[in-house]
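Here is the structure we will look at, set down as structure tokens.
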Amino acid sequence: MKIDDIKKICVVGAGNMGHQISILAALRGYEVKCSDVSEEQLRKAREFADKYLPGRVAKGKLTEEQARQAGENLEFTTGLKEAAEDADFVIEAVTEKLELKRKIFAELDQVAPPHAVLATNSSFIVSSMVADVTNRADKVCNMHFFNPALVMKCVEVVKGPHTSEETAGLAMELSRRLGKEPVELQKEIYGFLVNRILSAINNEALYLLDQGVASAEDIDSAVVNALGHPMGPFKLQDLTGIDLTYHVMIERYRETGDPADKPSPTVVEKYVRREWGQKTGKGFYDYSKK
Ligand code: 3HC
């Protein structure tokens, strides 16, 4: 397949990442079908698109015609088969649970056309952990976007030992056509580049909080004002989701058995209370009044 043959993109999962990847691709002229098992999630995704596109027109960032065309390019559905059966490129963006991803990749392999690339937007899981359930491992790779996907420029493309040069090349070129500045990892490593660095920062911030050294607000303020980050580690976890932090750490701990990989007491407490950040109205900060 050549890059110009990619016309239809399927995004699996309409959550934090999936809905924005879908809108991004629709804005760049691709026909996008985004699937999710949750009607509620799809409704929220559609509502976001219905607000976001006219908002961009009002801000002078899009013409009315571009917004209308993007809206037309975008379809939301609960049917995975319906979303994937004519796709040239599939981006999976479901919850960070390995067994779920393996189930979806096995299904995608059955329903997507044989030429379609199957990419995972996983935050940490390398694609060789899902490629083996397909009969097209050469067409499987990681393509990792950052939150908010409509804004952040980086995409990590990870070439697994099974991934062909052609597939990695297509994922890199597609990222560029989506307006991103992709980086290519020549070998698999858990957490890739960015989340390995980010995890080190988050773990240290959580350690300082759990030790009572400073408040979340002051740690965030220090990171913003001393290091020039756009937001501190706690505000950022509220954006990416504390449920994500929890799931990623639990999965990692199950795999390694290393106590250092256990989620911190604060993360466990927030997870259990459903204080997952912006998406539930409360995380390290309170969003209920907004
Ligand atoms: N969705 C879509 N667009 C958004 C947005 C959102 N949630 N939030 C902000 N934007 C857009 C605005 O529309 C605006 O666009 P414009 O300049 O073209 O009009 C632009 O972003 C700037 O927005 P604001 O002026 O309102 O706010 P800020 O300047 O504070 O920027 C931010 C907001 C882009 C989120 C910035 O704070 C930032 O870069 N934060 C760091 C985000 C980050 O580190 N992301 C990576 C997280 S790690 C990750 O994703 C890994 C994964 O595996 C979990």
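Order of listing sets the numbers, starting from 1, for every ligand and every atom in it.
With no hydrogens or angles considered, no side-chain donor-acceptor pair links Thr280 and Glu275 at under 3.5 Å. Using a 3.5 Å distance cut-off with no hydrogens or angles, the side chains of His144 and Thr120 do not pair a donor with an acceptor.
Residues of the protein with a heavy atom under 4.0 Å from ligand 1 are Gln20, Arg56, Lys59, Lys61, Ser123, His144, Phe146, Asn147, Pro148, Val151, Met152, Asn195, Leu198, Pro230, Met231, Leu236, Thr240, Leu244, listed by chain and number.
Within a 6.0 Å radius of OH in Tyr285, other residues, nucleotides and ligands contribute more than 12 heavy atoms.
By the 6.0 Å and 45° rule, Arg252 stacks over the aromatic ring of Tyr190.
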For this session: Applying salt bridge (charged side-chain N to carboxylate O under 4.0 Å, His left out), run through Lys8 and Asp86 and close with a yes or a no.
Result: CA-CA 7 Å; Lys8 297 183 180 184; Asp86 58 354; 3.3 Å; yes
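Counting all heavy atoms, side chain and backbone alike, His162 lies closest to Ser127 at NE2-OG, 2.9 Å.
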